[in-house]
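I have placed the structure first, in the form of structure tokens, so that the comments after it can refer back to it.
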Amino acid sequence: MMTRDKMKKSFMLISLFFVMVAAGEIWGMRAASAAPFYEGKKIVFVVNASPGGGTDLFARMYARFLPRFIPGHPSIIIENQAGGAGVIATNYLYNKAKPDGLTVGTVTNGDIGLQMMEREGVKYDVTKMPIIAAMVEVYFAYLRSDLTGITRPGDLLKTNVQLIGGVSALGNPIANFQDIFMSEILGIKSFRLTAGWKGAGDRRIAFERGELNFHTEPPLMYRAAVLPLVKQGKVLILFQNGIIKSDGTIVRTKTLQDVPTAEEFYKELFGRAPSGIAWEVLKQQIMAGNIAKTLALPPGTPDSLVMELRQAIRQLWRDPEWLKESEKMFGIAQTPPDTLSGEETQEMVKMILNPPKEVKEFILRRVQSK
Amino acid sequence: MLGVSMNGLIQVMDPMTFGLLFLGTVIGLLVGALPGVGGRNALAILLPYTFVLKPATGIAMMVGLMAAVNTGDSITAILFGIPGSSGPSATVMDGYPMAKRGEAGRALGAAFMSSMIGGIFGALVLAVAVPVLRPLVLTFGTPEMFMFAIMGISMVVVISGKALVKGFIAGGLGLLLGAVGTNPQSGVDRWTFGLPYLWEGVPLVAVFLGMWTLPEVVEWAIKGTSMAVDSSGTETGMWEGCKDTFRNWGLVLRCSAIGTWIGFLPGLGATVSEWISYGHAVQSSKDRGRFGKGDVRGVVAPESANNAKTGGSLIPTLAFGVPGTGSMALILAALMVHGLTPGPDMLTKHLDFVFALVWAVAIANIIATGVCLFTTRQIAAIIRMPPYILVPMILVLIAVGSLEVTNQWEDLIFMLGFGVLGWILKLAKWPAMPAMLGLVLGPIAENNLYLATSIHGFSWLRRPIVLLIMVFILISTIYSMQRVRLSKRRSLEHVHQQK
């Protein structure tokens with residue numbers, strides 16, 4: 001028989017044990033809540049393109065730098081889901097991926113454009129996806145002055161020579177920008193775009209070969225390939241689309257400081273600022289061209305996590321190594337003022353996808369007429 | 001020039017660089033041999049590591065990997081009829097029948113040795129052609145690209161053998177399949193049935209694995225016997241294969257030249273170079289009866305061409321900053337991060353670096369072949385395994401390989417669907433390969449035809465190189481058809497005489 005004392009003693013021991021366990025639990029929970037959410041976690045970047053392309057390199061660049069700046073230093077892995085012009089992966093991100101802050105996807109301006117065109121098969125709404133980062137892309141245009149006889153910007157308005165440019169597909173913001181600016185706003189009747197080119201590089205070779213005499217591309221090869229041609233008297237650089245700010249002003253990108261924006265180019269030629277519906281459409285296309293690639297999360301991802309990731313990106317901008325490498329890789333340093341924050345991008349996406357009625361009608365009419 | 005070249009060699013022979021080049025080459029072999037991993041996936045994973053290395057070291061590793069993938073994928077092509085991830089490999093046409101006949105060792109030996117010679121040839125041309133690289137690339141416009149694609153398609157005549165009509169119909173079917181997707185010029189969807197999955201066309205690798213490889217595996221599973229009919233020569237024929245390469249040295253050099261040439265032209269890809277070389281091998285042979293049934297020349301020709309292509313394809317990347325493939329795009333990214341911007345300067349200011357890459361390609365090819373020859377016995381012995389082990393293993397490889405591009409269920413559905421079609425074609429004794437050729441080359445031809453016509457009108461038809469290729473295609477097609485007719489008549493006469 002157990003004595004009363006013994007029972008009391010064991011009861012106390014058991015209670016003490018439970019108290020200790022409970023205390024341990026509470027302490028542990030405290031410790032857990034003090035630990036950053038991303039500690040020991042793995043973030044998956046779903047890339048909606050195959051390895052090696054611009055979108056893939058953009059995601060890989062962020063995947064390499066970002067973990068250092070997210071509290072808890074999670075690991076980031078890349079998962080490529082190509083196909084369907086990126087729509088398959090974006091559909092997945094919007095509808096199937098868990099909004100737990102552990103899946104991030106690339107959403108491009110191609111995806112935004114397809115949503116605007118109400119393309120069958122698009123099952124996402126980019127305005128509802130929290131965007132944490134964007135890669136700003138700027139394009140500049142130049143032509144073969146030796147083949148066309150155009151040696152000054154003013155000659156452009158008088159020329160009868162057939163100007164042939166190239167794009168990968170008609171209807172994307174870059175194609176629309178060239179087409180609307182050259183044909184509609186500058187009123188050059190002899191300007192024409194050919195579609196079906198694989199990439200900007202293939203088009204530059206065709207340009208050097210003389211098959212194309214007008215070319216538009218990002219500033220990556222500006223110094224190495226284009227300036228030497230200017231020196232040889234073969235090329236005249238015309239304009240860049242520029243970076244459009246949320247207040248509607250358009251500025252030159254740092255890499256192309258000497259190249260006027262389309263707006264400045266127009267002013268120089270006509271002595272007044274451009275205006276009218278075509279110009280409104282063009283501004284919208286510049287905006288769409290600028291936010292070339294974004295990192296977005298599934299809708300419903302907790303705000304706290306979105307904020308945490310955006311904060312990490314703001315810190316990333318201050319990293320000198322990031323500044324240097326992103327400039328080398330993309331031709332434009334991906335820090336302000338040459339890039340946009342997640343919040344700014346989000347606002348712009350809303351503006352692009354909810355344009356004034358006449359702007360939308362203008363674009364649809366142009367695409368359908370092609 | 002010699003001094004600069006030696007400078008390049010010294011850079012590659014630095015112990016760290018050489019060690020990583022070796023590592024890259026071995027990874028390339030493994031990745032090449034395993035369908036579904038894909039060279040560019042491996043390169044994408046390696047990319048960040050190269051940023052912390054010296055440029056020559058990091059990029060030599062990547063180039064080594066890329067060069068070795070072409071050697072590695074001939075292993076699965078020969079043993080199981082599984083093509084590389086780039087498209088239908090011409091090596092399966094004869095390499096796989098050789099393995100079935102029990103000559104896997106010989107086929108592998110020939111493939112490895114000709115790969116090495118092709119690879120070194122490509123590197124050599126790259127080195128010699130440095131001063132004329134840029135003008136050379138600029139000679140070829142969209143009309144010429146179109147004609148090269150047509151030349152590839154015209155090989156349908158060569159590979160159809162006596163079943164010419166069936167070959168044409170299958171080729172036509174392939175061209176139709178190649179037309180599926182969103183047309184870039186008009187934005188019109190062709191036969192996409194509202195599925196974004198089909199916007200970029202039918203999934204090449206899944207279709208190929210389904211239409212060609214799956215029926216082979218199924219047939220083999222039904223038979224239930226070991227794959228090779230007679231496996232006595234499986235492990236021993238390796239040196240015979242190496243000797244075969246040297247016996248056909250003229251062919252090897254010509255096909256290496258074709259491979260390098262096609263590599264120069266961004267956008268044409270491995271498929272065109274392999275099939276044009278294969279066609280050349282068939283047409284230049286007096287006794288062509290064994291092609292398609294296991295002729296070693298059918299292995300030697302495409303293998304030397306596809307490795308030679310690596311050297312060639314570095315040219316547009318280095319001289320213009322234009323990557324022909326996803327793999328090249330990753331190498332370009334590595335160059336950019338190291339501040340080595342491709343373009344005219346690359347061939348003047350950074351010439352020693354260009355030569356370091358040339359040496360890296362050549363050395364990677366030698367390492368790859370060395371490693372492969374050393375292990376050929378073990379590799380070839382795989383096909384002695386009983387079917388109940390091998391068949392499921394290969395089915396897994398086929399499934400994973402199909403998923404490579406989009407990671408979607410649709411990939412598997414397509415693979416299986418085309419597997420059924422491939423099985424029907426096989427039962428009806430229709431050749432599947434012309435369909436694959438049409439599927440891959442159709443879109444390249446269509447796009448370049450559109451661009452050529454919209455830029456030049458019809459005046460492109462008068463361009464000298466276009467005319468030259470046209471004449472070549474006509475002669476080779478008529479000649480091939482004539483030979484088929486003659487051999488049919490002969491066999492008929494033979495039957496009559498016997499009666």
Side-chain angles (χ1 to χ4, degrees), chain A residues 50-54 56-57 60-61 63-64 78-89 91-92 114 119-123 164 166-171 192 194-202 204-206 208-212 220-221 223-226 228 325 328-331 367 370, chain B residues 38 40-41 43-45 47-48 51 134 137-142 182-187 189 192 194-200 203 266-267 316 320-323 325-330 332-333 336-339 341-346 405-408 410 447-448 450-452 454-456:
Chain A
S50 35
D56 179 63
L57 292 174
R60 281 178 200 275
M61 191 85 173
R64 192 155 65 88
I78 300 277
E79 197 184 294
N80 294 89
Q81 270 190 39
V87 167
I88 294 176
N91 279 344
Y92 163 82
L114 291 169
R119 188 83 138 77
E120 191 186 357
V122 169
K123 295 189 184 111
I164 307 177
V167 287
S168 55
L170 293 172
R192 197 156 63 81
T194 51
W197 298 92
K198 245 177 82 187
D202 294 284
R204 186 161 16 79
I205 291 192
E208 285 196 40
R209 208 159 47 212
E211 284 196 279
L212 300 178
L220 201 59
M221 302 293 284
R223 285 197 189 97
V226 185
E325 285 206 10
K328 276 187 200 158
M329 185 88 110
F330 305 114
V367 169
K370 292 282 165 189
Chain B
R40 60 181 176 179
N41 281 313
L43 283 174
I45 294 166
L47 181 65
F51 295 155
R134 289 176 56 87
V137 174
L138 291 178
T139 321
F140 293 87
T142 46
T182 309
N183 178 261
Q185 284 87 32
S186 60
D189 287 338
T192 56
L195 298 171
Y197 180 79
L198 286 174
W199 288 355
E200 290 177 17
F320 293 91
V322 178
T325 59
S327 301
M328 273 298 171
L330 288 159
L332 184 65
M336 291 301 221
V337 167
H338 282 296
T341 314
D345 279 357
M346 197 71 171
V405 180
T406 60
N407 278 324
Q408 305 292 327
E410 286 95 330
N447 212 22
N448 281 299
Y450 167 82
L451 288 173
S454 77
I455 292 168
H456 307 280

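Labels below follow one simple rule: chain letters A, B, ... track the order of the sequence lines, proteins then strands, and each chain is numbered from 1.
Neither the backbone nor the side chain of E410(B) comes within contact range of chain A, judged by heavy atoms closer than 4.5 Å. For Y450(B), the part lying under 4.5 angstrom from a heavy atom of chain A is the side chain only. When heavy atoms are compared at a cutoff of 4.5 Å, L198(B) does not approach chain A at all. Only the side chain of L114(A) comes within contact range of chain B, judged by heavy atoms closer than 4.5 Å. Interface remark: A206(A) contributes no atoms to any contact with chain B (heavy atom separation under 4.5 Å). With a threshold of 4.5 angstrom between heavy atoms, F51(B) approaches chain A through side-chain atoms but not through N, CA, C or O. For a residue to count as touching a neighbouring chain, one of its non-hydrogen atoms must lie under 4.5 Å from one of that chain's; by this rule D345(B) does not touch chain A. Heavy atoms of L451(B) lying under 4.5 Å from chain A belong exclusively to its side chain. For T182(B), the part lying under 4.5 angstrom from a heavy atom of chain A is the side chain only. Contact annotation for N183(B): neither backbone nor side-chain heavy atoms come within less than 4.5 Å of a heavy atom of chain A. Only the side chain of L57(A) has a heavy atom closer than 4.5 Å to any heavy atom of chain B.
Sparse packing is recorded around CZ of R223(A), with 12 or fewer heavy atoms of other residues, nucleotides or ligands lying under 6.0 Å away.
We find the CD-CG distance between E211(A) and L138(B) to be 10.5 Å, quoted to the nearest 0.5 Å. Separation of atoms CD (E120(A)) and CG (L195(B)) is listed at 8.5 Å; rounding is to 0.5 Å. In this structure, CE in M61(A) is found 9.5 Å from NZ in K328(A), a value given to the nearest 0.5 Å. Between atom CG of residue N80(A) and atom CG of residue D56(A) there is a gap of 5.0 Å, rounded to the nearest 0.5 Å.
Under the 3.5 Å distance criterion, the side-chain polar atoms of E200(B) are matched with a main-chain donor or acceptor of A85(A).
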Might you work through the side-chain contact (heavy atoms from CB on, under 4.5 Å) test for H456(B) and T142(B), ending with a clear yes or no? CA-CA 10 Å; H456(B) 307 280; T142(B) 46; 4.2 Å; yes
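Note on G141(B), G326(B), P342(B), G194(B): by heavy-atom pairs under 4.5 Å with chain A, the leading option is G141(B). Of the listed residues (A44(B), P203(B), G343(B)), the one with the most heavy-atom contacts under 4.5 Å to chain A is A44(B). Chain A forms more heavy-atom pairs under 4.5 Å with one residue of T341(B), T139(B), N447(B) than with any other, namely N447(B). Ranked by heavy-atom pairs under 4.5 Å with chain B, the first of G201(A), G53(A), G86(A), A195(A) is A195(A). In terms of non-hydrogen atom pairs under 4.5 Å with chain B, the most contact-rich of G196(A), G54(A), A169(A) is G196(A).
Under the salt bridge (charged side-chain N to carboxylate O under 4.0 Å, His left out) criterion, R192(A) pairs with no residue at all, not counting sequence neighbours. Remark: Y92(A) pairs with no residue by the ring-ring contact (aromatic ring centres under 6.0 Å, His included) rule, at least two apart or across chains.
Of all non-hydrogen atoms in G52(A) and A329(B), the two that sit nearest each other are O-CB, 3.0 Å.
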